[in-house]
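Per chain, numbering begins at 1; letters A, B, ... match sequence-line order. Bear in mind the structure is a predicted one, so any value in this text is a computation, not a measurement. All values below come from the heavy atoms of this structure, side chains included, with hydrogens, waters and symmetry mates left out.
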Amino acid sequence: MTENDASVQSDAVDDTGTDHRAFWADEVADKIETRDPAEPITIKGGVSPSGVPHIGHLNEILRGYFVAEALRDRGYTVEQVFTSDDKDRLRKMPRTLASLDGEIVGLDDVDAGALGQNLGKPLTDIPDPFGCCSSFGAHQTELLRKSAEAMGVPINVVSNTELYAEGAFEAVTRTVLEHRERAREILTDYQEKVDDTYVPFIPQCESCGHLTETVTAIDLAEGTVDYVCDAVTAGDRVIDGCGHEGTATLREGKLPWRFEWPAQWTILGVDFEPFGKDHASGSWPSGTEICQELLTTEPPVPMVYEWFTYNGAALSSSSGHVITVNEVLSMLEPEVFRYFFTKDPKRARDFDVQRLDQLVDEFDRFESTYFDRVDVTDRERAIAERAYPMVVDSVREDRVRIPYTFAAVLGMTDDRKLRASMARRSGHLPDDAPEWVVDDALARVEKARTWAVQTDNEYNYRLAESLPDISVSENEAAALDSLADFIERENPDGETLQQHIYDIAREHGIEVGDFFELGYRLFLEQPQGPRLGPFLAAVSQSFVVRRLRRERTPME
RNA sequence: GGGCUGGUAGCUCAGUCUGGCAGAGCGUCUGGCUUUUAACCAGAUGGCCGGGGGUUCAAGUCCCUCCCAGCCCGCCA
């Protein structure tokens with residue numbers, strides 16, 4: 001995230017002398033570098049902000065981020081821009097929406113009519129159903145901006161609508177219309193339904209505000225097109241036009257996506273852009289051809305990324321199967337989620353919430369690799385050396401990570417002191433750790449706790465703050481008292497205590513399993529739990545003793 | 001139908017561009033005093049590298065072919 005330590009700059013040139021790079025972002029950076037780009041180097045991403053922004057959209061930001069960092073590390077000035085393609089038409093109702101604080105809501109909870117009555121218009125010409133932004137498009141763009149911010153990626157968010165309004169597209173639009181014959185020819189190689197009537201400009205009806213497609217005349221001298229506001233098809237449905245016949249300037253409308261994308265490259269001078277596999281065999285090749293033949297500019301260095309799935313199924317804004325950046329960051333530290341994006345973009349990846357612990361463990365290992373604390377392959381080391389500094393806010397070797405599942409266990413109490421002391425007593429936090437290390441380590445507890453609650457998995461315990469209502473036999477009572485005495489007297493470590501629990505159970509003729517269960521019920525109000533000895537050893541001694549004696553004193 | 005991208009251990013994935021002993025983590029199993037108890041440690045287990053064919057001294061890796069999944073070839077991104 002910050003300046004890299006010069007000592008870890010890795011040229012990653014292997015001993016065969018070829019320029020194979022361990023980290024994919026360096027391979028991309030190589031390609032950009034060989035084109036001798038003007039500074040600042042421009043890296044772009046972008047989405048049409050019509051549904052709830054989800055973690056898949058983050059590819060457009062994070063993939064570029066790592067390339068940007070790789071280039072910055074080589075001394076280049078890099079600007080990362082993100083176009084919100086907010087002049088796009090709203091073509092159907094999203095199933096869910098998100099408030100500015102990332103809360104997902106159904107259509108019932110907002111002024112859905114604001115959207116429904118405005119199908120066919122640009123997103124930025126539709127009122128915000130939440131009423132908080134200047135338009136629905138602005139609201140959606142703000143969500144994306146906040147996602148990038150939450151991920152700690154500095155990007156310049158550019159509104160497409162504003163680019164049109166300030167005339168940034170005008171020259172390119174003119175060029176495209178001048179060469180509309182050639183434009184049509186190019187497109188027919190990629191799309192079947194491009195016919196003689198195709199015009200690469202979509203005017204906006206001055207009467208109803210819809211983006212319409214029936215252009216009847218083009219006057220380039222005047223810089224206008226005439227149109228009829230006919231119905232347009234959007235997906236499987238038809239959006240009616242108002243029938244108005246009018247004239248639009250080249251700013252009063254937009255380019256079709258296939259032209260808009262290369263136009264953005266040209267206007268913004270884009271050197272690199274990552275895109276999803278949906279573009280790979282469609283708008284990317286047509287876009288490059290349009291760039292080179294019509295606009296006589298060079299398309300950016302491309303990179304295709306595979307899509308994520310979420311809990312095994314495709315992410316889909318329209319169906320509502322989404323997980324937002326906010327939701328992820330309630331369960332993961334930002335650096336862990338950034339780490340997720342360092343993995344090979346060409347690989348389809350599932351974001352599996354049930355197994356977030358695995359991702360976090362992997363991150364911890366990645367961190368340990370950087371600090372040379374684990375035995376790994378050369379390749380793993382090379383990637384960690386390169387990518388780790390880009391992933392964390394600052395490189396600090398004395399940082400301590402509590403294992404994620406154990407952090408979830410610590411979430412059994414809300415008491416910060418108790419969390420810290422349990423972490424210390426269990427050996428996951430050094431006694432002399434400075435305050436910032438403790439804060440940092442414990443930051444994971446809330447995240448892991450949220451994960452445990454959300455997935456309701458086996459780490460979702462709650463420390464019973466008051467004495468659970470359970471009955472114990474005389475025999476069991478004696479055993480519990482004896483255990484309490486032992487703990488009070490010996491202050492044993494976890495393993496000693498674990499051993500002693502067995503001994504006491506046997507001494508009192510209680511089934512070992514039953515005695516453990518009793519212990520779990522007493523402390524967790526559940527029949528099972530973590531290894532009881534180490535667990536009780538980690539909790540405050542006086543609390544444990546009182547609880548074992550079934551005293552109704554409040555927790556300290 | 002045509003094209004693009006993937007398919008490696010039970011799971012998550014490295015390794016494929018540039019051919020050289022099939023890898024890691026997790027899980028599982030076993031052990032850690034007479035002990036089922038989710039956090040620890042040690043060891044072990046784990047594979048038709050999607051199938052088949054070819055090139056090569058040597059193929060997970062290169063070539064051909066087939067199967068499976070996703071995407072594009074309408075709109076939109």
Side-chain angles (χ1 to χ4, degrees), chain A residues 14 16-22 27 46-51 56-57 60 85 88-92 189-194 213 232-239 256-258 260-261 275-286 304-307 309 314 317-318 343-350 352 354-355 357-359 361-362 364-366 369 374-380 383 402-410 422-423 426-428 457-459 461 494-495 498-503 505-506 511-513 515-517 519-520 526-535 537-538:
Chain A
D14 66 27
T16 60
T18 59
D19 51 359
H20 167 73
R21 304 286 190 163
E27 296 205 10
V47 303
S48 182
S50 52
H57 295 133
E60 293 285 329
D85 297 337
D88 290 358
R89 172 160 48 211
L90 178 68
R91 20 180 214 119
K92 62 177 175 182
D189 288 345
Y190 300 94
Q191 299 188 320
E192 283 167 10
K193 280 202 172 171
V194 176
E213 279 161 11
V232 294
T233 54
D236 49 1
R237 67 181 62 188
V238 173
I239 300 174
W257 164 248
R258 293 267 177 164
E260 192 174 71
W261 202 23
F275 48 87
K277 63 172 179 177
D278 48 344
H279 292 307
S281 56
S283 37
W284 165 254
S286 69
V304 181
Y305 58 81
E306 266 284 345
W307 288 350
T309 52
S317 296
S318 52
K343 298 174 173 218
D344 187 353
K346 295 195 73 119
R347 224 91 184 194
R349 241 164 261 281
D350 187 40
D352 186 343
Q354 300 295 324
R355 267 183 295 238
D357 56 323
Q358 201 166 314
L359 177 65
D361 287 349
E362 227 179 89
D364 289 351
R365 185 179 155 85
F366 173 68
T369 299
V374 285
D375 251 354
V376 296
T377 61
D378 290 349
R379 185 185 165 81
E380 277 178 283
I383 293 175
I402 298 171
Y404 192 70
T405 52
F406 185 64
V409 171
L410 291 185
M422 286 176 75
S426 59
H428 288 297
N457 62 12
E458 66 262 45
Y459 303 101
Y461 322 109
E495 289 309 318
Q498 178 77 4
Q499 171 65 43
H500 210 73
I501 295 170
Y502 283 100
D503 293 344
R506 273 191 299 273
E511 272 303 314
V512 168
F515 195 51
F516 272 98
E517 182 173 330
Y520 292 123
Q526 286 184 29
Q528 293 195 328
R531 286 186 79 215
L532 199 52
F535 163 52

Any A:Gln528 side-chain N or O less than 4.0 Å from OP1/OP2 of B:rU36 | no
Scoring nucleotides 19-24 of chain B by protein non-hydrogen atoms under 4.0 Å (B base, S sugar-phosphate only, - none) yields -----S
Paired with B:rG25 by Watson-Crick or G-U wobble geometry, both distances under 3.5 Å: which nucleotide is it?
-> B:rC11
Options B:rC75, B:rC4, B:rC72, nucleotide nearest the side-chain atoms of A:Ala280 | B:rC4
Which atom pairs link the protein and nucleotides 6-12 of chain B when you take only N or O atoms and keep those under 3.5 Å?
from: B:rG7; atom 1: OP1; to: A:Arg347; atom 2: NE; distance (Å): 3.4
from: B:rG7; atom 1: OP1; to: A:Arg347; atom 2: NH2; distance (Å): 2.2
from: B:rC11; atom 1: O2'; to: A:Arg355; atom 2: NH1; distance (Å): 3.0
from: B:rU12; atom 1: O4'; to: A:Gln358; atom 2: NE2; distance (Å): 3.2

Ionic contact status for A:Glu306 with A:Lys343, cut-off 4.0 Å | no
By side chain to side chain donor-acceptor pair (under 3.5 Å), which residues pair with A:Trp284, not counting sequence neighbours?
-> none
Between the protein and nucleotides 27-32 of chain B, are there any N/O to N/O pairs under 3.5 Å, and if so, what are the atom names and distances?
none

Of the listed nucleotides B:rG70, B:rU34, B:rC72, the one nearest the side chain of A:Arg506 | B:rU34
Would you mind pulling out the nucleotide paired to B:rG1, Watson-Crick or G-U wobble, both distances under 3.5 Å?
-> B:rC73
Contacts of type side chain to side chain donor-acceptor pair (under 3.5 Å), residue A:Glu517, not counting sequence neighbours = A:Arg521
Which base sits across from B:rC40 as a Watson-Crick or G-U pair, both distances under 3.5 Å?
-> B:rG32
Across the strands shown, which category fits A:Asp357 at heavy-atom distances under 4.0 angstrom: base, sugar-phosphate, nothing?
-> nothing
Upstream residue (5' side of RNA chain B) when A:Ile383 and A:Tyr520 are each assigned their closest nucleotide = A:Ile383
Could you list all N or O pairs between the protein and nucleotides 66-69 of chain B that sit under 3.5 Å apart?
none

